S.K.: 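The structure under discussion is supplied below as structure tokens; questions concerning it will follow.
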Amino acid sequence: MTPFAYARAADAADAVRLASGSAAAYLGGGTNLVDLMRETIARPAALVDVTGLPGTIDETPDGGLLIGAAVKNTALAEHRAVRARYPVLSRAILAGASAQIRNMATVGGNVLQRTRCLYFYDDDGARCNKRSPGQGCDALHGFNRNHAILGASDDCVATHPSDMCVALAALGATVHVLGAGGARAIPFVDLHRLPGAHPDQDTTLAPGDLITAVELPPLPFGANSAYRKVRDRASYAFALVSVAAALDVDGGTVRDVRLALGGVAHKPWRATLAEAALRGKPASADSFRAAAAAELAAARALDDNGFKIALAQRTIVAVLNGLAAKAQGAQP
Ligand SMILES: Cc1cc2nc3c(=O)[nH]c(=O)nc-3n(C[C@H](O)[C@H](O)[C@H](O)COP(=O)(O)OP(=O)(O)OC[C@H]3O[C@@H](n4cnc5c(N)ncnc54)[C@H](O)[C@@H]3O)c2cc1C
Ligand code: SF4
């Protein structure tokens, strides 16, 4: 491991000050960053420990929730208001990692965890544009069963690994950031990037930007929401495909819907085409199939992952069928 300095931030402003002017990284639970440092894929000159920053979940005046970046994944998943008003978020977090990792992992760190592409972690011979820009991408024609079907480029076909982020994308969350230029708010769907020609840049954040909180807007039908993760084993595996959804049904018609996909793209994928196709349509399996097909129409398969296109469509339909049944008082 490359030697590094360590400092513990007293507050958010202190963290940004400590991180300025050096190749520093913020340290949350360390469950991703420390692995990357051990493999020398991440080589920060300094770690700024932000686990002492506010770890609270507070009501906002408009009826949403403000979640401190240092809140542990377990605490967020188990929070009473989250379970009651945004169960999709609770279920998504609980579908990830293990209880021990969720006890350590923070909201800020989960949002900024890096891809699980095997070639990214293989510093010993594999070519990877995300790790070493300009080197090439061994996944493009390599083992790419887990890789992207939407929004990829020839420079990178990696997927974003987080489950929690899929729910945050569906819920229309906002990320609060403090940087050298002051505080700002970023719509969650604009935080992560598609790879394009710069897959080394995961997000739109600037160096030294600190995530201070994630805000959930009020969502009156958020209680009718769900997360489904399809993976190779029942636990301790990243998503092949996942679906986060919330559905509002009025008299058999879709009044409103929120839908996002995981495991399919370089960023959590908000399914805006499917959402638009569903509003005002009957809450039926036919509508859900048509919406899923509209969202996946632009999907492109690699050598090993063509199965994901049909899998994503079937998972969308299954999740929406369940929510429609629940909304109409029947058992899913
Ligand atoms: C074996 C294993 C299995 C896993 N399975 C899953 C899974 O199935 N689903 C899933 O979603 N996740 C999974 N994970 C990933 C896990 O969720 C992440 O490692 C964890 O959420 C990262 O949180 P952390 O606080 O430990 O982040 P850290 O490792 O501390 O940091 C991660 C990144 O975020 C940055 N960072 C941290 N806090 C801030 C902040 N406030 N502002 C700006 N930058 C910040 C760090 O500098 C670093 O770049 C798994 C991890 C492991 C080890
Ligand atoms: S898919 Fe992205 S992360 Fe994986 S090897 Fe290619 S450039 Fe690297």
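Read the numbers this way: they start at 1 and go in the same order the structure lists the ligands and their atoms. Not measured: the values here are computed from a predicted model.
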S.K.: Any ion pair linking Arg145 and Asp232 (charged N to carboxylate O, less than 4.0 Å)?
M.R.: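 So Asp232 pairs with Arg145 through a salt bridge.
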S.K.: Decide if atom CG of Asp154 counts as having more than 12 heavy atoms of other residues, nucleotides or ligands within a radius under 6.0 Å.
M.R.: no
S.K.: Going by the ring-ring contact (aromatic ring centres under 6.0 Å, His included) test, which pairs reach into residues 154-211, not counting sequence neighbours?
M.R.: His160-His192, Phe188-His192
S.K.: Between Arg184 and Asp209, does at least one N-O distance fall below 4.0 Å, as a salt bridge requires?
M.R.: yes
S.K.: Salt-bridge test for Lys130 and Asp202: reply yes if a basic N is under 4.0 Å from a carboxylate O, no otherwise.
M.R.: yes
S.K.: Indicate whether any N or O donor in one side chain lies under 3.5 Å from an N or O acceptor in the other, for Arg8 and Thr51.
M.R.: yes
S.K.: Within a radius below 2.8 Å of atom 2 (Fe) of ligand 2, how many protein N, O or S atoms are present?
M.R.: 1
S.K.: Exactly which residues line ligand 1, taking a heavy atom under 4.0 Å from it as the test?
M.R.: Ala25, Tyr26, Leu27, Gly28, Gly29, Gly30, Thr31, Asn32, Leu33, Ala69, Asn73, Gly96, Ala97, Ile101, Ala105, Thr106, Gly108, Gly109, Asn110, Leu112, Gln113, Arg116, Pro161, Ser162, Asp163, Asp209, Leu210, Ile211, Lys229, Tyr236, Ala237, Phe238
S.K.: Going by the salt bridge (charged side-chain N to carboxylate O under 4.0 Å, His left out) test, which pairs reach into residues 73-96, not counting sequence neighbours?
M.R.: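 Pairs touching residues 73-96 that pass the test: Glu59-Arg85.
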S.K.: Could you tell me whether the side chains of Ser153 and Asp155 share a donor-acceptor contact shorter than 3.5 Å?
M.R.: no
S.K.: Nearest 0.5 Å please: distance from the CG atom of Leu191 over to the CG atom of Leu112.
M.R.: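 CG of Leu112 is found 6.5 Å from CG of Leu191.
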